[in-house]
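Structure, as structure tokens:
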Amino acid sequence: MWDLTTKETASVQEHENVLHIKGLKKSFGKKEVLRDIDLDVKRGENVVVLGKSGSGKSVIIQCIVGMISPDAGVLQVFGEEVSSLNEKELKKLRTRIGFLFQSGALYDSMTVRENMEFPLMRILKLRNQAEIDKRVEEVLKSVGLFESIDKMPSDLSGGMRKRAGLARTLVLNPELMLYDEPTTGLDPITSREISNLVLQIQKKYKTTAIIITHDMECAAITADRVLVLSDGEFIAEGSFEAIKNSKDKHVSSFFK
Amino acid sequence: MNDEALSGWRSRLAEKGEQVAFLKDFLKNLFRGGFEWSEFIRQCYEIGYKSFTLVGTTAFIMGLVMAMQLRPTLISFGAESMLPKSLAVSIIKEIGPVITAIICAGKIASGIGAELGSMKVTEQIDAMEVSGANPMQFLVVTRILATTAMVPLLTLLGDVLGLLGGFLAININGSVSLLLYFNKCIASLGFSDLLPAFIKTIFFGFVIGFIGCYKGYNSNKGTESVGIAANSAVVVASLWIFVIDAIVVQVSNTLIY
Ligand SMILES: Nc1ncnc2c1ncn2[C@@H]1O[C@H](COP(=O)(O)OP(=O)(O)OP(=O)(O)O)[C@@H](O)[C@H]1O
Ligand SMILES: [Mg+2]
């Protein structure tokens, strides 16, 4: 298993871009959600996507994992065109991507520990309980949730659920992390903790990340680069400082 | 008005198509390998454990009441000794399987519909899928097989307790030994009575799990859709139970007589 992971990492190093999107379009019925999306993400980069509610931010990352199929455009992850993958290849690709849902999406009939074991046993097909325990404990320690290992999700606070959801995706050592509003619904202090955690994950696990957020502080902490989505297109791109000082009224409206 | 009726029928037809696709998906995952044994056993336990008191009590009371109702009629024909036989035939061939299945539709199909529906709403099913795991195999295959296995067992329990209820009613009025009573019951039934009765319980079990899973797995993403999923699972599963019952009786009558 470990062997496989290192081999895959090597293949990523060959492609500078982890993600390459060009001319992506998606409509639901008559509603054009994504009109023309271009996005390239380099290995190790944290890209923040800003955009108001309903602008299609979640749709972009759902396209990346193949939950939604785009109407047109190029969408390559790790150099592979997502729409051309068969079921098995798509599964394999998905194991290399971590997707943090807005709600955390913890399996609520299982304890935190069982939530972590689920992907290890089902996707990596680990059987050795000692190794499973070791990886579960390590990942929970790195998100600061080790004391709650035997709790049920219903006994966790919102911030703890986010951490647990994060741990469950990290346990598979993803190369690309997709965060859907990691700080929404949390108090400012917890939000800051989660934002810092996102930054630490980038350093510790060497992940590439797309972070969708409304939270300016989260963007300021985590972003290497910021993109602003409006009317199905990216209307601005740059460092957090550059975006913050933008004169464009669509862009500056985010900072009021 | 006409348009409305038309689009109503169209969406009903579309749903039938989706159900067929869901069935195909179920079969594909059933034979894929990597069967989730521990989840299957957990589901069997949950389903059996949750329903056996309710099934047992209801069947017992039904048997008791039926015996009390039948007795005066049979006495007026001078056929009181036919009571065990008529009880056995009606309970084992019809009342036992159908009552058990209807109770299970109310309890299990709605439970599965609500559980999977809320997993859908809270994105747990999406999360499983996106992580590269197989929610169809883990959630759906195990539940459908568990109901298919447990409903026949629960029916057996219902049959036995229904007959015991009948025994109690008979014993209030005059004493018959339990052994003699059961001997009379069993003697009155042949293989051709038992086999169709057993086979239909398998179909009932399948339909309860299938409709519960289909409604839950395909529910919409609003909070109210959990209730809708649970509710429509019961309604649709109950309807199917009566339809299957009618078909099995018709088919077995043509084959046997
Ligand atoms: N599966 C779907 N089917 C139909 N319409 C959809 C689907 N997913 C998203 N949409 C529509 O696409 C639009 C964008 O949705 P999306 O969830 O991407 O917004 P968002 O930018 O993530 O907003 P928020 O910040 O509120 O999460 C919405 O109008 C939504 O109704
Ligand atoms: Mg969203």
Side-chain angles (χ1 to χ4, degrees), chain A residues 58 61-68 77 82 85 87-110 114-125 127 153-154 161-162 164-174 176-181, chain B residues 7 21 24-25 27-29 31-47 49-50 111-143 146 213 216-218 220-223 225-226:
Chain A
S58 299
I61 57 173
Q62 285 172 345
C63 286
I64 294 173
V65 289
M67 275 166 82
I68 293 179
V77 187
V82 175
L85 299 179
E87 200 188 322
K88 209 170 158 199
E89 291 165 334
L90 183 62
K91 269 212 169 115
K92 188 144 175 286
L93 178 74
R94 283 173 168 175
T95 64
R96 300 167 69 185
I97 303 176
F99 195 117
L100 180 66
F101 283 84
Q102 210 165 319
S103 57
L106 295 175
Y107 308 140
D108 52 20
S109 61
M110 307 178 199
E114 287 163 346
N115 262 280
M116 306 300 134
E117 287 175 346
F118 187 90
L120 288 177
M121 297 192 331
R122 304 236 161 28
I123 297 159
L124 294 190
K125 312 244 185 265
R127 287 285 171 266
S154 52
R161 287 168 149 266
K162 285 262 158 81
L166 197 48
R168 193 182 61 196
T169 56
L170 287 175
V171 82
L172 292 174
N173 275 331
L176 173 62
M177 280 296 300
L178 306 173
Y179 298 93
D180 198 350
E181 311 197 6
Chain B
S7 79
K24 274 191 198 153
D25 212 8
L27 291 173
K28 198 173 83 189
N29 281 289
F31 298 112
R32 177 168 275 169
F35 185 68
E36 298 276 355
W37 279 105
S38 62
E39 178 68 9
F40 169 71
I41 289 162
R42 194 177 78 87
Q43 287 302 326
C44 284
Y45 174 77
E46 288 259 307
I47 288 165
Y49 182 79
K50 265 188 199 156
I112 292 175
E115 190 187 8
L116 296 193
S118 74
M119 288 188 78
K120 178 84 179 203
V121 172
T122 55
E123 300 178 312
Q124 293 175 53
I125 293 181
D126 288 335
M128 237 178 237
E129 179 124 26
V130 157
S131 72
N134 188 341
M136 213 42 206
Q137 195 161 31
F138 183 75
L139 299 172
V140 173
V141 171
T142 53
R143 279 171 176 73
C213 286
Y217 204 86
N218 292 297
N220 294 325
K221 283 199 171 170
T223 330
S225 43
V226 176

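Just the heavy atoms: all of them, side chains too, but no hydrogens, waters or symmetry mates, feed the values below.
In this structure, the side chains of B:Val130 and A:Gln62 stay at 4.5 Å or more apart for every pair of heavy atoms. When side chains are defined from C-beta on, B:Gln124 does not count as touching A:Phe101, because their heavy atoms never get closer than 4.5 Å.
At a 4.5 Å heavy-atom cutoff, the contact between B:Glu129 and chain A is made by backbone and side-chain atoms alike. Of the two parts of A:Leu106, only the backbone, made up of N, CA, C and O, holds a non-hydrogen atom closer than 4.5 Å to a non-hydrogen atom of chain B.
Of the listed residues (B:Glu36, B:Glu115, B:Gln137), the greatest number of heavy-atom pairs within a distance under 4.5 Å of chain A belongs to B:Glu36.
Of all the heavy atoms in A:Thr95 and B:Gly132, the pair that sits closest is CG2-CA, 4.5 Å. In plain terms, the two heavy atoms of A:Ala105 and B:Glu123 that are nearest each other are CB-O, 3.6 Å. Residues B:Ala127 and A:Arg168 come closest through the heavy atom pair CB-NH2, 3.6 Å. Closest heavy-atom contact between A:Glu87 and B:Lys28: OE1-NZ, 3.5 Å.
Counting heavy atoms of neighbouring residues, nucleotides and ligands inside a 6.0 Å radius, atom OH of B:Tyr45 does not exceed 12 of them.
Here the straight-line distance linking atom OG of B:Ser131 with atom CZ of A:Arg122 works out to 10.0 Å at 0.5 Å rounding. With rounding to the nearest 0.5 Å, the separation of OG in A:Ser109 from CD in B:Glu39 is 7.0 Å.
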